Amino acid sequence: MSIQELEQTYELGVYSRRDIVLVRGRGARLFDENGREYIDCAANVGVSNIGHGNEAVARAVHEQYLTLGNCYSMFYNPVRARLAQKLASLAPGNLNKVFFCNSGAEANEAAIKFARASTGRSEIIAAMRGFHGKTMGALAATWGPEYQKPFAPMLPGLKHVPYNNFAKLEAAVGGNTAAILLEVVQGEGGVRIGDKDYFQKVRQICDTNGILLIIDEVQTGFGRTGTLFACEQFVEPDMLCLAKSLAGGIPMGAVLCNDRIKVPVKSHTSTFGGNPTACAAALASVDVIEKEGLVEKSKTLGEYFLKELRDIKNSKIREVRGLGLMLGIELKEKAGPYVQKLTEKGVIVLLAGATVIRLLPPLVITKEEIDTVVEALKETLGR
Ligand SMILES: *Cc1c(COP(=O)(O)O)cnc(C)c1O
């Protein structure tokens with residue numbers, strides 16, 4: 001059987017698949033089983049910010065696994081301690097405590113629970129087109145009947161309001177509102193960038209009413225938008241949810257919390273959360289981001305990329321949006337066929353909704369590689 005047939009036969013089939021078998025990666029390049037090379041503008045939806053095959057992270061994982069690979073959090077561990085301190089030092093505002101988990105959904109799941117425990121209230125307000133993961137709690141916050149319907153009923157207490165519309169949000173707030181959960185740039189929702197003014201008003205209404213603000217930066221974290229955390233450009237949250245690129249590609253999630261978050265001991269824990277192997281990977285990955293200046297690169301290359309995309313004159317394009325190396329090209333028609341054609345030209349991109357081509361390259365992408373991508377986009381979109 002081919003690799004495709006093996007996966008189709010023995011896996012449950014919950015992923016919509018593209019017909020390539022990827023076997024290797026280096027920097028911003030991916031290689032398929034036939035040795036064909038691709039420029040990666042997906043980065044595993046924002047996991048691979050430091051690029052593929054980073055040697056420093058590989059070495060850190062190797063050495064930590066040999067030293068002590070796992071250490072349940074009932075014991076103290078020096079690597080976990082150092083990462084917690086490092087994240088607190090990097091975090092904006094007063095986010096000085098961390099809870100470690102293993103994925104983005106788990107981070108949001110934890111944040112929802114922490115909000116309820118800390119406020120004694122049960123309602124969470126999230127946004128239409130928002131994406132927060134697919135475990136039961138996170139799923140209730142995620143927008144989209146196609147995701148929710150097969151698994152009904154949803155967790156009660158979750159409400160959705162239009163994104164970036166303060167009047168509608170204000171109308172939804174009540175005495176039982178525990179938290180407001182938002183992305184500052186909606187990723188799955190189509191690379192939609194919120195207004196700073198909107199987020200400032202959200203902060204105010206939270207402060208006035210004792211509501212906690214949870215910002216989901218699972219996709220926008222670690223340099224993606226030209227600052228280490230995207231929220232630095234918008235608002236200061238009470239909880240910041242992280243995962244995807246946190247540990248350089250090793251599974252890890254985290255919730256950074258300020259001192260308004262109070263959760264009883266033992267009430268929420270995780271077996272793998274804060275395991276030293278993932279912590280070592282995260283420390284090494286953050287080190288790579290700092291030493292290689294990837295946040296600054298994301299900002300300058302992102303500005304260049306956005307300008308080049310906006311210079312494409314094509315009647316099929318409705319709008320080009322971007323912040324750092326998180327870019328979206330909204331078409332006036334379905335984007336799926338163009339994603340396929342781009343793959344054939346050796347460029348891997350993402351969809352966001354039906355009409356948006358989403359570009360999330362590793363932050364180590366070069367200007368030359370960006371030029372190649374822009375050329376491929378021009379050819380693919382035609383006239
Ligand atoms: C990917 C993503 C999640 C879910 O992360 P998983 O690790 O797949 O559970 C949550 N929120 C945002 C913004 C994401 O992009």
Side-chain angles (χ1 to χ4, degrees), residues 12 14-16 41-49 99-115 124 126-144 146-148 151 155 158 160 163-164 179-194 199 213-225 229-231 233-235 237 239-256 270 272-273 275 278 281-282 285 321 323-328 349-353 356 358-362:
L12 193 54
V14 292
Y15 295 90
S16 88
C41 282
N44 294 300
V45 200
V47 167
S48 312
N49 285 14
F99 169 76
F100 288 118
C101 53
N102 313 285
S103 69
E106 265 184 74
N108 285 302
E109 197 77 35
I112 290 168
K113 289 181 72 178
F114 296 170
I124 314 283
M128 290 170 182
R129 290 208 180 102
F131 187 88
H132 304 291
K134 293 178 181 169
T135 57
M136 281 314 287
L139 177 63
T142 288
W143 173 252
E146 76 277 25
Y147 296 144
Q148 294 191 347
F151 308 106
L155 176 76
L158 273 288
H160 289 91
Y163 184 63
N164 214 28
I180 297 171
L181 166 56
L182 295 167
E183 297 155 273
V184 285
V185 182
Q186 290 190 323
E188 304 298 312
V191 190
R192 287 170 209 282
I193 305 164
F199 279 100
L213 177 59
I214 308 168
I215 296 293
D216 178 352
E217 288 224 36
V218 170
Q219 192 164 142
T220 52
F222 296 97
R224 172 57 55 195
T225 67
F229 301 111
C231 68
Q233 301 171 58
F234 298 87
V235 70
M239 281 186 266
L240 183 60
C241 297
L242 303 170
K244 290 198 167 105
S245 63
L246 164 58
I250 299 298
M252 182 174 230
V255 187
L256 301 183
S270 162
F272 282 122
N275 74 84
S285 178
R321 300 184 282 268
L323 195 65
L325 282 170
M326 180 168 191
L327 304 125
V349 301
L350 292 164
L351 272 175
V356 179
R358 179 174 30 156
L359 304 163
L360 301 176

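Here the structure is a predicted model, which means the values were calculated and not measured. Every number for a ligand or one of its atoms is a count from 1 in the order of the listing.
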* To do: Provide the number and element of each atom of ligand 1 under 4.0 Å from a heavy atom of Gly133.
  => 4 (C), 10 (C)
* Asked: Side chain, backbone, both or neither: which part of Ala243 comes within less than 4.0 Å of ligand 1 when only heavy atoms are counted?
  -> neither
* Asked: Can you list the steps and then say if Thr142 with Lys134 is a side-chain contact (heavy atoms from CB on, under 4.5 Å)?
  -> CA-CA 7 Å; Thr142 288; Lys134 293 178 181 169; 5.6 Å; no
* Identity and distance of the protein heavy atom lying nearest atom 10 (C) of ligand 1 -> His132 C, 3.4 Å
* Between Ile180, Leu240, Leu181, which is the residue that forms a side chain to side chain contact (heavy atoms under 4.5 Å, CB included) with Ile215? -> Leu240
* Structure fact -> atom 11 (N) of ligand 1 has as its nearest protein heavy atom Asp216 OD2, 2.7 Å
* Asked: Considering distance alone, does some N or O of Gly104 sit under 3.5 Å from an N or O of ligand 1?
  -> yes
* Hey, is atom 6 (P) of ligand 1 touched by any protein heavy atom at less than 4.0 Å? -> yes
* Structure fact -> Per-atom filter on ligand 1: closer than 4.0 angstrom to a heavy atom of Ser103 are 7 (O), 9 (O)
* Asked: Are any of the side-chain nitrogens in Glu188 or Arg358 under 4.0 Å away from the carboxylate oxygens of its partner?
  -> yes
* Selection from Glu106, Lys244, Glu183, Gln186 by shortest heavy-atom distance to atom 14 (C) of ligand 1 -> Lys244
* Structure fact -> If you compare Gly187, Ala105, Ala138, Gly189 by their heavy atoms, the one closest to atom 9 (O) of ligand 1 turns out to be Ala105
* Non-hydrogen atoms of Asn108 versus ligand 1: any pair closer than 4.0 Å? -> yes
* Asked: For Met128, does its backbone N or O pair with a side-chain atom of Gln186 as donor and acceptor, under 3.5 Å?
  -> yes
* Is there a side-chain contact between Ile112 and His132, using heavy atoms and a 4.5 Å cut-off? -> no
* Structure fact -> The side chain to side chain contact (heavy atoms under 4.5 Å, CB included) partner of Asn108 among Val255, Val218, Thr135, Ile124 is Val218
* Taking only residues two or more places apart in sequence, or in another chain, which ones meet Arg321 in a salt bridge (charged side-chain N to carboxylate O under 4.0 Å, His left out)? -> Glu319, Glu330
